[in-house]
Amino acid sequence: MIVDKITVLRQAFPYLLQGAGMTIRLTFFAVMIGIAIGTILGLARVSRNKLFKGLAKAYIEFFRGTPLLIQLFLLYYGLPNLGIDIQSHVAAILGLGLNSGAYVGEIVRSGINAIDTGQMEAARSLGMSYPQAMKYVILPQAIKQVVPPLGNEFIALLKDSSLVSVIAVRDLTRQGRLIISRTYESFLIFTAVAALYFVMTFIMTRLVNYAERRLNVGD
Amino acid sequence: MSVIKVEDLHKSFGDLEVLSGIDEEIKQGEVVVVIGPSGSGKSTFLRCLNRLEEITAGKVWIDEEQINSLEVDINKIRQETGMVFQHFNLFPHKNVLENITLAPVKVKGVEPKQAEKIAYDLLDKVGLRDKASSYPQQLSGGQKQRIAIARALAMQPKVMLFDEPTSALDPEMVGDVLEVMKALAEEGMTMVVVTHEMGFAREVGDRVLFMDQGLIVEVGPPEQIFGNPQQERTQEFLAKIL
Ligand SMILES: Nc1ncnc2c1ncn2[C@@H]1O[C@H](COP(=O)(O)OP(=O)(O)OP(=O)(O)O)[C@@H](O)[C@H]1O
Ligand SMILES: [Mg+2]
């Protein structure tokens with residue numbers, strides 16, 4: 001009995017690891033897209049330009065106000081309908097990244113808003129342009145505010161990435177389900193899948209804590 | 001020649017008119033002290049001089065250049081008008097040396113080595129050379145304010161604007177900061193100082209402006225304003241604070 005289970009697990013493990021690798025890659029690229037989009041959205045939200053502000057707000061409201069699953073369906077099944085072919089893992093990265101960008105945008109915005117207005121005034125009074133003041137004075141300080149919530153966002157993203165298993169991406173969740181369809185060992189395999197997700201979020205939490213500590217040097 | 005010229009300056013925040021027509025000329029090397037009750041518009045007046053507040057109407061010239069015309073490069077103007085704030089506003093993520101060299105290097109393109117040399121000279125001037133590698137949070141209020149003055153001076157401005165530079169300090173720190181300002185005045189810096197330090201106004205000020213309700217009510221040398229004020233509102237204000 002137990003020997004059987006161990007054998008199943010041993011045979012399943014390489015496939016699960018492959019899936020975990022895919023999950024990590026998806027999350028990594030989605031995080032990159034999320035940071036890029038979120039930074040632009042955050043800056044637009046605090047700018048004085050009404051158009052940028054409005055567009056950023058609309059973007060954020062759309063992505064936060066609709067389910068991630070539907071966003072993934074729109075990209076993977078919707079785009080081909082419009083004549084745009086898209087590979088499943090591209091749709092997955094794009095969907096996760098665009099979605100995460102909205103949340104990161106709000107984090108960046110509140111990080112910037114947390115900086116005392118006197119900082120911007122001091123920088124401008126020295127002759128810095130608005131972009132210079134942002135780059136050299138505001139953003140370096142905002143980063144400290146932003147890292148903890150950003151870390152939480154990316155851990156959530158890693159977990160949410162299991163949704164992409166429904167658009168045929170061979171991530172950890174999908175690999176687990178494939179193995180179960182052959183072995184019928186639902187409890188065992190899902191436990192292993194959960195354990196692997198846990199290991200990944202655990203490591204990510206440590207990395208975030210480490211980044212936080214590094215940023216607080218000099219205080 | 002006047003370094004600062006203000007003509008019929010008006011400033012409103014929404015419906016609230018805070019400055020209601022200010023006319024003033026400040027000459028090269030003059031030290032002008034601005035006094036007046038809370039809410040009279042002193043800070044707003046000062047902040048209009050480097051356009052930290054947008055000017056609603058009227059004209060302001062710094063060094064013959066109208067700063068509220070459309071063509072003007074405000075970042076250029078601000079390099080010439082150093083400002084010192086009540087709450088210092090040092091950059092907490094930069095050490096003292098970096099606080100002072102940041103703007104010269106990034107804005108003016110001064111060589112980092114050269115900027116550091118200027119910074120050390122200024123640190124000598126404010127008596128804080130040994131704090132070059134400290135961070136702002138490691139300094140006392142008085143030290144922070146002296147660094148803030150050095151930071152503004154590093155841009156080699158033509159004018160220095162001070163908005164209650166000693167109001168946030170413990171009493172025993174005030175003297176050090178006023179000493180630095182006095183030395184600056186003696187070197188011939190053109191200064192506009194909003195302050196409640198009447199001793200400083202008397203000793204260092206060339207002229208005192210008394211503001212109330214968005215207007216300059218009375219202007220004169222310190223002896224006149226403090227010794228023999230002409231306006232009733234000036235008399236009332238001084239009676240309250242002296
Ligand atoms: N950003 C702003 N928005 C709206 N009202 C403002 C703003 N800044 C200043 N005010 C108002 O303008 C008036 C003048 O303010 P100001 O700060 O210039 O006064 P002050 O003479 O410097 O006073 P204090 O001695 O208290 O510093 C006050 O009624 C103030 O509430
Ligand atoms: Mg004030």
Side-chain angles (χ1 to χ4, degrees), chain A residues 35 38-39 42-43 46-53 107-151 208-219, chain B residues 43 46-47 49-54 73-96 98-110 133-138 144 147-157 159-163 168:
Chain A
I35 288 177
T39 305
L43 286 170
V46 300
S47 82
R48 277 160 301 181
N49 186 315
K50 289 241 163 60
L51 178 68
F52 291 170
K53 256 186 144 115
I107 292 170
V108 170
R109 179 179 75 99
S110 61
I112 291 172
N113 283 341
I115 308 301
D116 182 66
T117 52
Q119 292 291 310
M120 179 56 97
E121 290 185 349
R124 296 305 304 274
S125 80
L126 289 164
M128 285 186 215
S129 63
Y130 181 86
Q132 283 176 327
M134 270 291 164
K135 181 167 165 202
Y136 299 120
V137 176
I138 305 300
L139 291 180
Q141 295 182 63
I143 283 178
K144 284 190 199 178
Q145 309 280 333
V146 157
V147 163
L150 213 53
V208 171
N209 290 346
Y210 175 74
E212 255 176 80
R213 259 182 285 121
R214 283 295 302 269
L215 282 168
N216 283 328
V217 174
D219 272 5
Chain B
S43 296
L46 204 67
R47 292 159 59 85
L49 298 182
N50 66 354
R51 264 183 52 195
L52 274 189
E53 299 295 353
E54 283 303 329
D73 178 359
I74 191 61
N75 298 325
K76 268 252 141 42
I77 302 285
R78 287 183 181 140
Q79 294 175 37
E80 323 230 294
T81 53
M83 185 170 241
V84 175
F85 302 84
Q86 182 175 357
H87 296 288
F88 333 124
N89 300 347
L90 291 181
F91 306 135
H93 60 302
K94 303 248 175 231
N95 70 22
V96 163
E98 293 162 345
N99 262 276
I100 301 174
T101 56
L102 181 67
V105 171
K106 301 298 181 192
V107 178
K108 273 184 157 180
V110 178
S133 55
S134 302
Y135 279 82
Q137 50 274 42
Q138 299 168 316
K144 281 184 197 162
I147 299 300
I149 293 172
R151 178 177 69 176
L153 290 174
M155 292 301 283
Q156 298 172 318
V159 178
M160 284 285 284
L161 310 172
F162 295 84
D163 193 359

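Quick caveat: nothing in here was measured; it's all calculated off a predicted structure. Throughout, protein chains are lettered first and strands after them, A, B, ... in sequence-line order, and every chain is numbered starting at 1.
Residue pairs meeting the salt bridge (Lys or Arg N to Asp or Glu O under 4.0 Å) criterion with at least one partner in residues 128-139 of chain A, sequence neighbours excluded, are absent. Within the structure, the salt bridge (Lys or Arg N to Asp or Glu O under 4.0 Å) test picks out the following pairs touching residues 119-130 of chain A (sequence neighbours left out): Glu121(A)-Arg47(B).
Proximity to chain A (any heavy atom under 4.5 Å) is restricted, for Phe85(B), to the side chain, taken from C-beta onward. Only the side chain of Lys94(B) comes within less than 4.5 Å of a heavy atom in chain A; its backbone stays farther off.
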Leu102(B)/Leu126(A) under side chain to side chain contact (heavy atoms under 4.5 Å, CB included): CA gap, chis, key distance, verdict: CA-CA 9 Å; Leu102(B) 181 67; Leu126(A) 289 164; over 6 Å; no

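For the residue pair Ala122(A) and Phe91(B), the shortest heavy atom distance occurs at CB-CE2, 4.1 Å. Closest heavy-atom contact between Gly127(A) and Val107(B): O-CG1, 3.6 Å.
Between chain A and the options Arg51(B), Glu80(B), His93(B), Met83(B), heavy-atom pairs under 4.5 Å are most frequent for His93(B). Per-residue heavy-atom pair counts under 4.5 Å with chain A were compared for Gln79(B), Met155(B), Lys106(B), and the maximum is reached by Lys106(B).
With hydrogens and angles ignored, the 3.5 Å screen pairs no side-chain donor or acceptor of Asn50(B) with any backbone N or O of Ser125(A). Judged purely by atom type and a 3.5 angstrom limit, Gln119(A) uses its side chain to pair as donor or acceptor with the backbone of Leu90(B).
With a 6.0 Å radius and a threshold of 12 heavy atoms from other residues, nucleotides or ligands, Lys108(B) has its NZ atom above the threshold.
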